[in-house]
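Each remark here refers to the structure printed beneath this line.
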Amino acid sequence: MFTGIIETLGIIKVIEKDQENLHLTIESEITHELKIDQSVAHNGICLTVIKIENTNYTVTAIKETIDKTTIGTWKADDVVNLERAMKLGDRLDGHIVQGHVDQTGTCTKIKEANGSWVFTFEYDIALNNITIEKGSITINGTSLTVVNSGLNTFSVAIIPYTFDHTNFNTFKIGTKVNLEFDVIGKYVSRLNELRK
């Protein structure tokens, strides 16, 4: 379980294909605090630490993860948002994030707004995910508030701190991102499916 509050950034150093799996080695300033078997969210994808060496650690992604997230497009030197699993009793500063990406989305618009930024994203509605106005959304592991919720589109406002401390500052029109929809939105969507 995560909160969507990004702790730090990691740099992809090596990606190795192993049959249908990917082994990713990441350099991070929190590596020395990690342990084998620990869960870390990488752009919102919960992955298990399998190896630690100096400032680098390694995680493995299976085919299911590769198929449903952007991880298959990552390359060496890409920057990823990192968050370790929350501790019981910690403050929940973001919202409840499972680290299970629902689907990917695409950045369609970036607008500067007097010291902040508004990013707009589109996603495929065929998977029956929805956003709720002023509800929560997780983009690349970052907990954010939905504005301008539409049928297959929504926007989020990014303050300078978030822009500087996440990989939002690397986004361009067409950038693919990992989306985890709010648990409440998933519940509403599932109820609507069952009523049909």
Hey, what's the ring geometry for F168 with F121, parallel, tilted or perpendicular (30° and 60° as the breaks)?
perpendicular
Does a donor on one side chain and an acceptor on the other come within less than 3.5 Å for [X] and [Y]?
X    : Y    : answer
T108 : E122 : no
K176 : T106 : yes
N129 : Q103 : yes

Could you walk me through whether V40 and V49 pass the side-chain contact (heavy atoms from CB on, under 4.5 Å) check?
CA-CA 7 Å; V40 179; V49 176; 4.0 Å; yes
Indicate the atoms forming the closest heavy-atom contact of [X] with [Y], along with that distance.
X    : Y    : result
G10  : S28  : CA-CB, 4.5 Å
E180 : Q98  : OE2-N, 2.7 Å
I71  : L47  : CD1-CD1, 3.9 Å
I26  : T31  : O-OG1, 4.4 Å
V118 : A113 : CG2-CB, 4.3 Å
C107 : K172 : CB-O, 3.6 Å

May I have the step-by-step check of side-chain hydrogen bond (donor to acceptor under 3.5 Å, both in side chains) for T58 and T25, ending in yes or no?
CA-CA 4 Å; T58 303; T25 299; 3.0 Å; yes
According to a hydrophobic-cluster definition based on side-chain heavy atoms being under 4.5 Å apart (Ile, Leu, Val, Met, Phe, Trp, Tyr only), do [X] and [Y] belong together?
X    : Y    : result
L34  : V80  : yes
F163 : I139 : yes
I159 : I137 : no
V156 : I173 : yes
V79  : I30  : no

Check whether any side-chain heavy atom of [X] lies under 4.5 Å from a side-chain heavy atom of [Y], and answer yes or no.
X    : Y    : value
V101 : K68  : no
N140 : T166 : no
F2   : C46  : yes
F119 : F154 : no
T142 : I158 : no
N178 : T69  : yes
T48  : V59  : no
K134 : V147 : yes

F181 and Y123 aromatic centres sub-6.0 Å:
yes
Less than 6.0 angstrom separating the ring centers of Y57 and H23, yes or no?
no
Can you confirm whether more than 12 heavy atoms, excluding those of [X], are under 6.0 Å from its [atom1] atom?
X   : atom1 : answer
K17 : NZ    : yes
E20 : CD    : no
E33 : CD    : yes

Test N43 against N167 for side-chain hydrogen bond (donor to acceptor under 3.5 Å, both in side chains), laying out the working first.
CA-CA 9 Å; N43 276 1; N167 61 12; 2.9 Å; yes
Can L9 and N81 be said to form a side-chain contact (heavy atoms from CB on, under 4.5 Å), step by step?
CA-CA 5 Å; L9 298 170; N81 295 327; 3.2 Å; yes
